Student: 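Sharing a structure, written as structure tokens. Questions coming.
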Amino acid sequence: MWERLPQLFVYGLVSGSVITLGAIGLSLTYSILRFSNFAHGDLMTSGAYLGLAFLALFSPLLPGRFGPLSFGPALIPALACAMAANAALAIGVDRLVFKRLRRAKAVLLLMASVGVAFVLRNLILFSAGPDPLYFSHRIQRALRIGGVRVKADQLFILGTALLFVLLLHLLLRYTKTGKAMRAMADNPELAQVTGIDTERVVAWTWGVGASLAALGGILSGIENKLVTPELGWQTLLPLFAAVVLGGIGSPYGAMVGGMAIGLAEEVSTAFISTAYKPAVAFGLLVLMLLLRPQGLFGRR
Amino acid sequence: MPLLDVQGVHSGYGGMEVLHGVSVTLEPGELVTVIGPNGAGKSTLLKTIFGLLSPGQGRVTLAGAEVTGLPPHRIVRLGMCYVPQVDNVFPSLTVQENLEMGAFILRGGIEDRLSRVYQLFPALKSRRRQRVGKMSGGERQMVAMGRALMLDPKVLLLDEPTAALAPNLVEQVFQSILAIRESGVAILMVEQNARQSLAISNRGYVLVDGRNRHQGTGVELLADEEIGRLFLGG
């Protein structure tokens, strides 16, 4: 069982990448809009389906595959378009639903987000059907790196996740919009008094969160070869566990928390049945809330 | 014509009226202090002037333009900035980032404005990369005032800038306020440290139970026996 650990570590990093990309958006919406968005998992699903749609659109134009990867050049514009479309979708949902509840209590927003989650999932179910849709049917040969088997796709997933985490860091640290997002997370009333265009910051928050969610959904589809309408709903628990582990409202915490949950879930399968993966995430969530409710990077 | 003119303002929270017709004026280059017991409506007055509360009756004009009931983000653009009493900085941002947020509505370079604020508060310049959350109360107050000055306002509203500060810092903050006035910004401030604040003010108002009770120059109010007994501790 111990000799499997390095291999499980690799799987953990890959699933941690997907969880991280989802958790960042959940954490951003929490810190800036002050509610737990239960629809965030379904934004990953919508992103994955948008990715498939754009992939179907671009594949005839850009055929072929990149060497050992399961996809070709068509994925690049498909990713970009799906991320943009998902951002537009989230901003649209915000205008339609959450904007009207800007001053409402957090629990009301939470309930509204559960409603949005149901609507999104059923719209996907209605338009794409309940059966899994496939990103690729190709069986991939794994590369061997020092006794560990790694597929080229997995390296791509990890690299892409790291790249976007870095981009997010640059956005938050060095751009006026990113600084305003952090300011608003600190103190929304003061942000308004200072003259910060809070609605623009909110739109950016949804845009960034939903595009990273789309990326996470598509990468999950590449790793698993397929997507189902339940993808996001099933990912929601690890997302929340990652956000709580890292510290609610801290996007940097969400990055660390996402990786930690991914690793914990995969490594646990060396010792207990795979069926208990969600229980591992849930266990960590409860443990963290009991021992250090502010999370690893949280304040107060 | 006064720079800021508040006439007969009635205001409050929800159904509860706190101000029952308060009038205050501020001339260009003036430092004016509003004192009064707790619950007199001092903070409510500033919030109403700045559009955080909208008055049931009365008018607020800024340089002749009516701003009654305008939201804060519009008032900021008209040249009036406000420093709340508490939670007036972004703790997880650095000093410089706090100041940059103060100039959020501006497009283009803000280097001149930054260097002017650092000139007013030299202590901040060497600490500009430090997170404000880790700084002392006096330094936070300077960051808060610096943030409000980034837009080069005509009028600065300060809500109890020395509340909860150690006595040596109180003096320091008042010195900064004088320096801000010297730079040409008119200041309307609400204060608990009545004696010290009146001593540096051009004029003062005494507010009691949401109404104007007294007004005069800082010296006059300090010399007034009744005010001395009631608000200045004998």
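Reminder, nothing fancy here: chain letters follow the sequence lines and each chain counts from 1. Given the structure is predicted, the values throughout are model-derived calculations rather than measurements.
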Student: Under 3.5 Å, side chain of B:Asp87 to main-chain N/O of A:Asn187, donor-acceptor pair present?
Tutor: no

Student: Are more than 12 heavy atoms, taken from residues, nucleotides or ligands other than B:Arg74, located less than 6.0 Å from that residue's CZ atom?
Tutor: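 Open.
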
Student: Should we count OH of A:Tyr252 as having more than 12 external heavy atoms under 6.0 Å?
Tutor: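 It does: A:Tyr252 OH has more than 12 such atoms within range.
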
Student: Taking distance alone, no hydrogens or angles, what donor-acceptor pairs closer than 3.5 Å link side-chain atoms of residues 44-58 of chain B to residues at least two apart or in another chain?
Tutor:
| unit_1 | atom_1 | unit_2 | atom_2 | d |
| --- | --- | --- | --- | --- |
| B:Thr44 | OG1 | B:Tyr13 | OH | 3.3 |
| B:Thr48 | OG1 | B:Ser11 | OG | 2.9 |
| B:Thr48 | OG1 | B:Thr44 | O | 2.7 |

Student: Surrounding CZ of A:Phe9 (heavy atoms of other residues, nucleotides or ligands, distance under 6.0 Å), is the total greater than 12?
Tutor: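 Counting neighbours around CZ of A:Phe9, 12 or fewer heavy atoms of other residues, nucleotides or ligands fall under 6.0 Å, so no.
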
Student: Looking only at heavy atoms, what is the nearest atom pair of A:Lys176 and B:Met101, with distance?
Tutor: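 Heavy atoms of A:Lys176 and B:Met101 come nearest at O-CE, 3.9 Å.
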
Student: State, to 0.1 Å, how close A:Asp186 and B:Pro91 come at their nearest heavy-atom pair, and which atoms those are.
Tutor: OD2-N, 3.0 Å

Student: Would you say the side chains of A:Arg182 and B:Ser92 form a donor-acceptor pair under 3.5 Å?
Tutor: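 No pair is found: no donor N or O on one side chain lies under 3.5 Å from an acceptor on the other.
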
Student: May I ask you to check whether over 12 heavy atoms, not counting those of A:Arg292, lie within 6.0 Å of atom CZ?
Tutor: yes

Student: Just verifying a value: how many Å separate B:His73 NE2 and A:Thr198 OG1, rounded to the nearest 0.5 Å?
Tutor: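 So the gap between those two atoms works out to 7.5 Å.
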
Student: Taking all atoms of both residues into account, what is the closest heavy-atom pair of B:Glu97 and A:Arg173, and its distance?
Tutor: OE2-O, 3.8 Å

Student: Which of residues 173-180 of chain B have a heavy atom under 4.5 Å from any heavy atom of chain A?
Tutor: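 Checking residues 173-180 of chain B against chain A gives no residue, so none.
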
Student: Check the surroundings of atom CH2 in A:Trp204: do more than 12 heavy atoms from other residues, nucleotides or ligands lie under 6.0 Å from it?
Tutor: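 Not more than 12 within 6.0 Å, no.
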
Student: Less than 4.5 Å apart, any side-chain heavy atom of A:Leu190 and any of B:Arg147?
Tutor: yes

Student: At a 4.5 Å cut-off on heavy atoms, which part of B:Val89 comes close to chain A: side chain, backbone, both, or neither?
Tutor: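 Only the backbone of B:Val89 comes within 4.5 Å of chain A.
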
Student: Is there any residue in residues 103-114 of chain B with a non-hydrogen atom under 4.5 Å from a non-hydrogen atom of chain A, and which ones are they?
Tutor: B:Ala103, B:Phe104, B:Ile105, B:Leu106

Student: Do other residues, nucleotides or ligands put more than 12 heavy atoms under 6.0 Å from B:Arg181 CZ?
Tutor: yes

Student: For chain B, which residues from residues 22-43 of chain A have at least one heavy atom closer than 4.5 Å to it?
Tutor: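 The list, in residue order, is empty: none.
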
